[in-house]
Amino acid sequence: MGYVLLFFLIGVAAADFTGHRLVSINARSREDLDFLNALGENPDFEGLDFWTDLSVYRPVEVRVSPNDYEKLQQTLKSVGISFDVINENIQDMIDEERRSMEKIPKVGLCNPQTTYCTYDEIGAWLSSMASSNPYRMQFTYLDGLSYEGREIYQVKIAGDMYNPKEAVWIEAGTHAREWIAISSALNLIEKLLSNSNEATEMLSKYDWYIVPVHNPDGYLYTHASSNNRLWRKNRQPCNMFYTGTDLNRNWEANFGGPGSSSSCFSETYRGTTAFSAPETAALRDAVLATPLVKAFFSVHCYSEYMLVPYGYTSAYPGRYDHLMDVANYMMMWLETIDERYYLTGTPPDILYEASGGAYDYFYTQDIPYSYTYELRPKSGTSNGFVLPASEIPLAADELFISLWAFSNITNLNWDMEPSHP
Ligand code: 0X9
Ligand code: ZN
């Protein structure tokens with residue numbers, strides 16, 4: 001009997017996306033977006049998993065289970081929204097990714113340039129980087145553990161550890177399945193320590209604080225072989241049946257407002273109160289305790305956007321024009337790497353509102369520059385989150401060069417720079 005129960009529990013825990021399709025939807029109006037937004041909360045569906053933000057500029061991508069597919073097809077046809085199935089079996093793509101990772105010999109340290117390292121491997125790699133660069137890198141943890149009790153890695157890279165400069169904070173991995181964001185943040189650490197001309201300039205202007213795996217429990221869950229490669233939230237129980245808070249809906253930035261959900265089953269479940277997730281509270285405390293924070297960047301994927309505040313309201317912040325100028329300059333440099341044309345703007349302008357996000361919170365806490373990256377791939381391809389590790393170097397170059405551009409264009413004491421907010 002015990003074995004039967006055990007078998008049942010293991011069976012339930014293993015996520016299998018066989019026959020799940022990735023559907024690319026062409027929304028053309030605000031009405032279409034409202035319609036899709038409501039579908040995400042519609043209990044008639046077993047669960048539609050939106051992989052991209054809602055947008056009229058780029059295809060909206062959603063994972064659909066075999067049971068939901070007919071219904072989705074009919075629903076979209078009935079309202080005249082066109083769509084394409086761009087992947088017929090998401091599990092094949094996940095299996096292929098796993099096989100390609102297993103081919104990499106497990107000797108010595110994991111290399112974040114060539115593969116997606118696990119949480120433990122990242123810890124070992126960071127320790128090794130810190131011991132090879134004792135004067136320029138500090139490897140510590142946020143004060144406060146993840147829900148399941150793991151350390152949240154924190155890195156500081158500075159030209160001079162004893163004479164602080166203005167600080168730039170970078171967070172990646174709030175969403176567990178966004179592996180390319182985590183790898184790009186790890187590569188950023190390596191590049192900042194590389195002695196290149198760009199790195200030297202960046203360290204001469206700012207101190208760099210990086211949290212590469214903000215959601216360690218979720219990230220570990222996406223790596224475990226029988227578990228869920230597509231997990232997004234943290235691993236905090238919500239009720240008897242559902243687990244996980246969306247950390248990017250859990251900040252005190254119009255908490256509870258549009259684009260966040262109060263339902264435990266939702267991928268955008270916001271938590272009971274702002275900062276109910278220990279991971280968000282720990283990052284808040286660390287950033288707010290840092291003197292002279294000039295900028296905060298959230299690194300996500302995917303769709304190739306650079307988002308400017310506010311995400312939760314269509315009202316513009318006072319510094320909107322300046323924030324857009326800086327974002328466009330950064331993207332001009334990013335585009336030199338591989339001609340990827342990132343779209344810049346506020347979510348209400350180019351996507352859809354979302355409340356409780358990290359970058360809005362820090363902007364409202366008087367951090368003058370606050371942005372969210374949505375790295376590659378572009379929607380409309382068939383990879384989504386399951387991007388071959390061979391794309392890590394390009395994604396990392398794009399993140400690095402655009403942050404170099406940021407440090408190049410800011411820190412000039414522009415007389416014209418508008419005041420906050
Ligand atoms: O939904 C999110 O938190 C981010 N997108 S993701 O696909 N990486 O999950 C975007 C945050 C900003 N977007 C909006 N405010 N709409
Ligand atoms: Zn994300």
Side-chain angles (χ1 to χ4, degrees), residues 22 27 30 33-34 36-37 40 48-63 170-182 184-185 211-215 218-219 222 230-234 244-251 253-261 266-271 277 279-280 296-317 327 342-364 370-379 383-387 395:
L22 188 58
R30 174 72 199 191
L33 297 187
D34 289 338
L36 295 174
N37 187 47
L48 296 174
D49 173 17
F50 282 87
W51 282 18
T52 67
D53 245 309
L54 304 177
S55 178
V56 294
Y57 297 103
R58 303 249 160 109
V60 174
E61 295 188 349
V62 60
R63 173 178 60 84
I170 295 152
E171 160 274 305
T174 263
H175 291 144
R177 61 192 177 183
E178 296 173 11
W179 288 8
I180 196 83
I182 293 169
S184 300
V211 168
V213 192
H214 182 215
N215 174 8
Y219 187 58
T222 62
L230 300 175
W231 191 258
R232 166 182 167 97
K233 301 182 281 184
N234 78 351
T245 296
D246 181 348
L247 298 181
N248 214 27
R249 301 291 180 281
N250 189 242
W251 297 78
N254 197 29
F255 177 82
S260 73
S261 175
S266 168
E267 291 293 354
T268 54
Y269 174 62
R270 63 174 87 107
E279 296 86 356
T280 26
F296 173 83
F297 293 94
S298 257
V299 186
H300 290 250
C301 64
Y302 63 100
S303 292
E304 306 184 357
Y305 297 123
M306 182 63 161
L307 304 175
V308 170
Y310 297 114
Y312 64 82
T313 169
S314 51
Y316 290 133
Y342 277 52
L343 204 57
T344 53
T346 70
D349 278 356
I350 63 171
L351 307 167
Y352 202 80
E353 297 81 4
S355 305
Y359 85 129
D360 277 344
Y361 174 75
F362 286 118
Y363 187 74
T364 57
S370 191
Y371 295 101
T372 297
Y373 279 91
E374 293 286 358
L375 299 179
R376 59 174 59 204
K378 207 179 231 61
S379 60
N383 302 106
F385 299 110
V386 191
L387 195 59

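We use all heavy atoms of the structure for the numbers below, so side chains are in, but hydrogens, waters and symmetry mates are not. Counting starts at 1 for both ligands and their atoms, in listed order. Bear in mind the structure is a predicted one, so any value in this text is a computation, not a measurement.
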Audit row: Ser260, Arg249, side-chain hydrogen bond (donor to acceptor under 3.5 Å, both in side chains) steps and yes/no: CA-CA 6 Å; Ser260 73; Arg249 301 291 180 281; 5.8 Å; no
Mind running side-chain contact (heavy atoms from CB on, under 4.5 Å) on Arg232 and Thr268 for me, showing each step along the way? CA-CA 9 Å; Arg232 166 182 167 97; Thr268 54; 3.9 Å; yes
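- Nearest protein neighbour of atom 12 (C) of ligand 1, counting heavy atoms only, is Leu307 CD1, 3.6 Å.
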Might you work through the side-chain hydrogen bond (donor to acceptor under 3.5 Å, both in side chains) test for Thr280 and Asn250, ending with a clear yes or no? CA-CA 7 Å; Thr280 26; Asn250 189 242; 2.6 Å; yes
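- Metal site remark for the Zn ion (ligand 2): Glu178 contributes an N, O or S atom at a distance under 2.8 Å.
- Shortest distance from the Zn ion (ligand 2) to His175 is reached at ND1 (N/O/S atoms only).
- Considering Thr313, Leu307, Asp53 in turn, Leu307 is the only one that fulfils the side-chain contact (heavy atoms from CB on, under 4.5 Å) rule with Pro347.
- Here the side chains of Ser55 and Tyr305 are in contact, with some heavy-atom distance below 4.5 Å.
- Of the N or O atoms in Arg232, one or more lie within a sub-3.5 Å distance of an N or O in ligand 1.
- Within ligand 1, the atoms closer than 4.0 Å to a non-hydrogen atom of Asn248 are 2 (C), 3 (O), 11 (C), numbered from 1 in the order shown.
- Scanning all protein heavy atoms for the shortest distance to atom 16 (N) of ligand 1 gives Tyr352 O, 2.8 Å.
- The Zn ion (ligand 2) has no N, O or S atom of Cys301 inside 2.8 Å of it.
- Listed by number with element, the atoms of ligand 1 under 4.0 Å from a non-hydrogen atom of Ala354 are 14 (C), 15 (N), 16 (N).
- In this structure, atom 8 (N) of ligand 1 lies nearest to the protein heavy atom Glu178 OE2, 3.0 Å.
- Near Cys301, with a cut-off below 4.0 Å to any heavy atom, the atoms of ligand 1 are 8 (N).
- Rounding to the nearest 0.5 Å gives a distance of 9.0 Å between CG of Leu36 and OH of Tyr352.
- Looking only at heavy atoms of the protein, atom 13 (N) of ligand 1 is closest to Asp53 OD2, 3.1 Å.
- At under 3.5 Å, a nitrogen or oxygen of His175, whether backbone or side chain, sits near a nitrogen or oxygen of ligand 1.
- For atom 5 (N) of ligand 1, the closest heavy atom belonging to the protein is Glu374 OE2, 2.7 Å.
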Could you please spell out the steps behind the ring-ring contact (aromatic ring centres under 6.0 Å, His included) verdict for Phe296 and Tyr359? CA-CA 7 Å; Phe296 173 83; Tyr359 85 129; 8.2 Å; no
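- Closest to the Zn ion (ligand 2) among the N, O or S atoms of His300 is ND1.
- The ligand atoms of ligand 1 that sit less than 4.0 angstrom from a heavy atom of His300 are 8 (N).
- Separating the OH atom in Tyr310 from the OG atom in Ser355 is a distance of 13.0 Å, to the nearest 0.5 Å.
- Here the straight-line distance linking atom OG of Ser379 with atom CZ of Arg58 works out to 7.0 Å at 0.5 Å rounding.
- Between atom OH of residue Tyr373 and atom NE2 of residue His300 there is a gap of 12.5 Å, rounded to the nearest 0.5 Å.
- In this structure, the protein non-hydrogen atom closest to atom 1 (O) of ligand 1 is Arg249 NH2, 2.8 Å.
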